[in-house]
Amino acid sequence: QIPVALIDHVEILTGGASSTYGSDAIAGVVNFIMKKDFEGVQVDGQWGIDQHTQQNSFMQGLENQKGILPPGDKWDGQTTDFSVVMGANAPDGKGNVTGYFEFKHEDPVTEGARDYSNCLYDSSVVAPLADGVPGPVCAGSSNSNYFKPATGPNAGSVFSNVGTQLLPRPQAGSSPPGSFNSSPYEYLSRNDSRYLGGFFAHYNITDWAQPYAEFSFMSDRTASDIAPSGAFRGSGPDGGNVDVNCNNPLLSAQEAGVLCGAAAGTATLVPIQLGRRNIEGGPRIAAFDHENYRIVIGIKGDFADAWHY
């Protein structure tokens, strides 16, 4: 909440400073000294962008092997900074009022926007992360498209849902895929928007009466996305499984046959170890809003050559 455009200088006091600043300053203190008599108008602006050429052939090879499309060259992560400061001194030179406003915005960059972070790299993978495929490999979570009946004609076999069919897992082109890659949902840098504004004012009536006032307001907003939630393996209510009735109207004839066999169309329950990402519902989103106000009104001065308040 410090207006950068108004910083005059920075003092760093090492060692014990608790006699002046209290016990929090035992190890030292950093003071940001603001400009007190700014006069005129100062405008600053800055704009930036990230440029990345995808040249990690090692990771791109692993991604292609996994069926993950490597990203193309990127221009992203734009940043915008803007500030304006306006100040005026009193005609008699005894006071000053300075106002300021700052704005900062950063666009997000996801892991999926860089070839080196576009998948979950693992150099020594064990099941169930990537079905025991030895590393190095682009790994992924099996909580994606995983159906493992505990009873019935295919007990212990693992299937993926493709359209209205249960087919042996993994299946190319299934949605969700056989193993889930969360990297495109994670951030290398998050989006952020921040506004900061306020003023400083002071006037020296006499040496022993110097009133002053400060006001500042800051608003910061950012959001974080992570991979979609879902039904996770081992979290079902029946010993970690989910019970599916063989006359469930949402089952196709093929799916009922795979799970239930001759019991298809009956009320027989088949416990299934289920791992299914809710990709239709999108990522899990957390939004953070932070607002801060600061108001200071006071008076200071020197009295009788021995007292300062």
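One N or O on the side chain of Asn248 and one on the backbone of Leu250 form a donor-acceptor pair closer than 3.5 Å. At least one donor-acceptor pair under 3.5 Å links the side chain of Glu255 to the backbone N or O of Ser252. Between the side chain of Asn161 and the main chain of Leu166, no donor-acceptor pair closer than 3.5 Å is present. Remark: side-chain polar atoms of Asn154 are not paired, donor with acceptor, to backbone N or O of Ser157 under 3.5 angstrom. For Ser179 (side chain) and Ser142 (main-chain N/O), no donor-acceptor pair under 3.5 Å exists by modelled atom type. Within the 3.5 Å criterion, the main-chain N or O of Phe38 finds a donor-acceptor partner in the side chain of Asn96. Judged by distance alone, with hydrogens and angles left aside, the side-chain atoms of Glu214 form no donor-acceptor pair with the main-chain N or O of Gly198 at under 3.5 Å. Listed for the Asn292 side chain is no donor-acceptor partner under 3.5 Å among the backbone atoms of Met218. Side chain of His202 to main chain of Lys36: a donor-acceptor pair is present (N/O by atom type, distance under 3.5 Å, no hydrogens or angles).
Hydrophobic cluster membership is shared by Ile272 and Phe159, with clusters built from Ile, Leu, Val, Met, Phe, Trp and Tyr side chains linked at under 4.5 angstrom. Ile12 is connected to Phe32 through a chain of hydrophobic side-chain contacts under 4.5 Å among Ile, Leu, Val, Met, Phe, Trp and Tyr, so both are in one cluster.
A side-chain donor from one of Gln42 and Asp44 sits under 3.5 Å from a side-chain acceptor of the other. Side-chain N/O atoms of Asp92 and Tyr203 include a donor and acceptor closer than 3.5 Å.
Here the side chains of Asn31 and Val10 are not in contact, with every heavy-atom distance at 4.5 Å or above. Looking at Asn64 and Leu62, their side chains never come closer than 4.5 Å, going by heavy atoms from C-beta outward. A 4.5 Å side-chain heavy-atom check between Leu196 and Tyr100 finds at least one atom pair inside the cut-off.
Not counting sequence neighbours, the partners of Val4 by the side-chain contact (heavy atoms from CB on, under 4.5 Å) test are Glu102. Listed by chain and residue number, nothing satisfies the salt bridge (Lys or Arg N to Asp or Glu O under 4.0 Å) test with Arg277 (two or more places apart in sequence, or in another chain).
Salt-bridge formation is detected for the pair Arg276/Glu280: a Lys NZ or Arg NE/NH1/NH2 atom is positioned less than 4.0 Å from an Asp or Glu carboxylate oxygen. Ion pairing between a basic and an acidic side chain is recognised when a charged N comes within 4.0 Å of a carboxylate O; Asp81 and Lys104 show such pairing.
Considering Phe232, Tyr146, Tyr185 as possible partners of Phe180, the one that fulfils the ring-ring contact (aromatic ring centres under 6.0 Å, His included) test is Tyr185.
Using a 30° and 60° split on the angle between ring planes, Phe217 and Tyr293 fall in the tilted class, from 30° to 60°.
Aromatic rings from Tyr195 and Phe103 are positioned such that their centres are separated by under 6.0 Å. Between Phe215 and Phe200, the gap from one ring centroid to the other reaches at least 6.0 Å.
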May I have the step-by-step check of salt bridge (charged side-chain N to carboxylate O under 4.0 Å, His left out) for Arg190 and Asp107, ending in yes or no? CA-CA 7 Å; Arg190 283 205 314 240; Asp107 285 347; over 6 Å; no
Please walk me through it: do Asp115 and Gln60 pass side chain to side chain donor-acceptor pair (under 3.5 Å)? CA-CA 6 Å; Asp115 53 3; Gln60 290 184 29; 3.0 Å; yes
